[in-house]
2 protein chains.
Amino acid sequence: MSHMVYGCLMAVDRDHVLRSAAALLTRKSTATMDEVAKAAGISRATLHRHFAGRDALVLALEALGIAECEAALDRARLDEDPARDAVRRLVREIEPAAGLLAFLYTENQLFEGEGQNEGWARIDDRIAALFRRGQAAGEFRIDLTPAWLTEALYGLLASGAWAVSEGRVAGKDFTHMIAELLLGGAVRREES
Amino acid sequence: MSHMVYGCLMAVDRDHVLRSAAALLTRKSTATMDEVAKAAGISRATLHRHFAGRDALVLALEALGIAECEAALDRARLDEDPARDAVRRLVREIEPAAGLLAFLYTENQLFEGEGQNEGWARIDDRIAALFRRGQAAGEFRIDLTPAWLTEALYGLLASGAWAVSEGRVAGKDFTHMIAELLLGGAVRREES
DNA sequence: CCGTGTTGAGACAAAGATGTCTCACATGGT
DNA sequence: ACCATGTGAGACATCTTTGTCTCAACACGG
């Protein structure tokens with residue numbers, strides 16, 4: 001029975017193709033199927049054997065992004081005190097997926113009317129819940145809504161990923177820059 | 001000589017078309033020339049009479065964005081103390097252009113290699129100088145680089161514009177949300 | 001009323017991307 | 001050596017967008 005073997009190899013290849021596509025589309029969101037194929041080191045025909053079309057590819061990338069996000073949320077242990085440390089863990093864990101997130105974040109601006117994957121709603125809720133918990137504990141200010149803080153996190157992840165990929169900021173500072181700006185802002189404060 | 005008259009009318013029309021295009025492309029960055037024309041209430045032929053092609057339109061939008069940005073920078077009086085108030089003024093003044101900025105910001109991710117308009121470099125410098133001034137005055141923390149704070153401002157403007165256009169946050173909170181997050185962050189602080 | 005000049009509608013070809021197909025080739029197991 | 005399966009290269013039709021063109025309709029000043 002070679003089906004199992006082939007199935008396994010296909011899965012590996014599929015994952016590799018998916019990650020190549022993510023890396024490319026992060027930099028050039030309008031890349032053609034031909035460019036995606038070349039970036040993955042395969043032909044356009046083989047790319048079409050893995051993903052029926054561009055839509056299917058983007059859908060698969062969205063599923064990958066959601067999966068990586070939820071895995072990062074799990075690893076970040078958002079329920080443990082204090083909330084600001086949970087935010088720092090979250091940014092650290094989600095960093096590897098920031099580029100993909102940036103692509104999907106802007107891509108989603110196009111889906112205007114069409115309903116978007118419910119996975120995002122679940123992720124939004126979990127992140128917003130973290131901010132809400134921090135507010136309830138008196139740790140976070142209450143004039144910035146959890147929804148906005150969640151949105152701002154996405155925006156900062158996206159601009160951070162772009163800034164790093166274009167060399168405007170150092171990659172090693174990514175986590176610190178985003179987490180500390182989101183938590184403490186630009187203004188210097190007396191207490192640590 | 002009707003040339004003067006027609007020239008004047010053309011200019012008005014051109015500006016109107018430009019702003020319609022900005023409003024549309026802010027929401028749907030892949031809109032076709034046909035959609036842009038319809039949004040402006042003119043035919044595709046007339047759109048082509050104003051702008052040679054899509055590239056020319058985007059170039060014109062970029063010039064408009066740069067002009068509005070610089071005008072906002074001027075109105076914000078970035079040199080006046082204290083720096084945090086200058087940041088608040090900046091966000092308030094730049095808000096009307098946030099949608100256009102978001103479009104151009106993501107659009108520029110595609111211009112990878114090609115050199116981008118030097119107008120952006122000038123704007124980047126002016127904003128970074130504001131943050132640098134705040135740091136020199138001991139007002140802003142020094143572990144967040146001016147370049148990153150500038151980038152973060154763009155990211156927050158973009159995510160703010162999208163969040164408002166999709167109803168995830170209230171439009172009237174736009175300025176406060178962005179400025180206060182950028183300045184003070186999410187963590188509650190004792191001193192005002 | 002008559003030109004001048006602009007507009008809108010549509011036809012048209014060119015270019016680019018997509019999806020499908022065929023065929024030759026390589027690889028790996030039997 | 002043989003066969004099966006996946007792959008790459010390329011041909012092909014189709015679709016969308018673009019850019020250019022023509023022509024009739026319209027407005028407006030003389």
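Just so it is clear: chains get the letters A, B, ... in the order the sequence lines come, proteins before strands, and each one is counted from 1.
How far CZ of Phe131(A) is from CG of Leu90(A): 7.5 Å, rounded to the nearest 0.5 Å. If you take CG on Leu183(B) and CZ on Arg88(B), they are separated by 5.0 Å, rounding to the nearest 0.5 Å. To the nearest 0.5 angstrom, Met177(B) atom CE is 11.0 Å from Glu151(A) atom CD.
In this structure, the CG atom of Leu47(A) is 17 Å from the P atom of dG10(D), given to the nearest Å. Distance Arg14(A) CZ to dT7(D) C1': 18 Å, rounded to the nearest Å. Between Asp13(B) atom CG and dG5(C) atom P there is a gap of 18 Å when expressed in whole angstrom units.
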| query | Reading nucleotides 21-28 of chain D 5' to 3', which nucleotides get B (base under 4.0 Å from a protein heavy atom), which S (sugar-phosphate only), which -? | reply | --------
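Exactly one of Thr150(A), Asp79(A), Asp74(A) qualifies for a side-chain hydrogen bond (donor to acceptor under 3.5 Å, both in side chains) with Arg126(A). That residue is Asp74(A).
Relative ring orientation between Tyr105(B) and Trp162(A) is described as perpendicular, the plane-to-plane angle rising above 60° on a 0-90° scale split at 30° and 60°.
When only modelled atom types and interatomic distance are considered, Glu95(A) and Thr175(A) share a side-chain donor-acceptor pair under 3.5 Å.
By the side chain to side chain contact (heavy atoms under 4.5 Å, CB included) test, Leu101(A) pairs with Cys69(A), Ala97(A), Trp120(A), sequence neighbours left out.
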Kindly give the atom pairs (protein nitrogen or oxygen, nucleotide nitrogen or oxygen) under 3.5 Å for nucleotides 12-19 of chain D.
unit_1: dT18(D); atom_1: OP1; unit_2: Arg54(B); atom_2: NE; d: 3.1
unit_1: dT18(D); atom_1: OP2; unit_2: Met33(B); atom_2: N; d: 2.9
unit_1: dG19(D); atom_1: OP2; unit_2: His48(B); atom_2: NE2; d: 3.4
unit_1: dG19(D); atom_1: OP2; unit_2: Arg54(B); atom_2: N; d: 3.2
unit_1: dG19(D); atom_1: N7; unit_2: Arg44(B); atom_2: NH1; d: 3.0
unit_1: dG19(D); atom_1: O6; unit_2: Arg44(B); atom_2: NH2; d: 2.9

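Residue Leu59(B) places its CG atom among more than 12 non-hydrogen atoms of other residues, nucleotides or ligands, all under 6.0 Å distant.
Side-chain nitrogen and oxygen atoms of Ser43(B) include none within less than 4.0 Å of the OP1 or OP2 phosphate oxygen of dA9(C).
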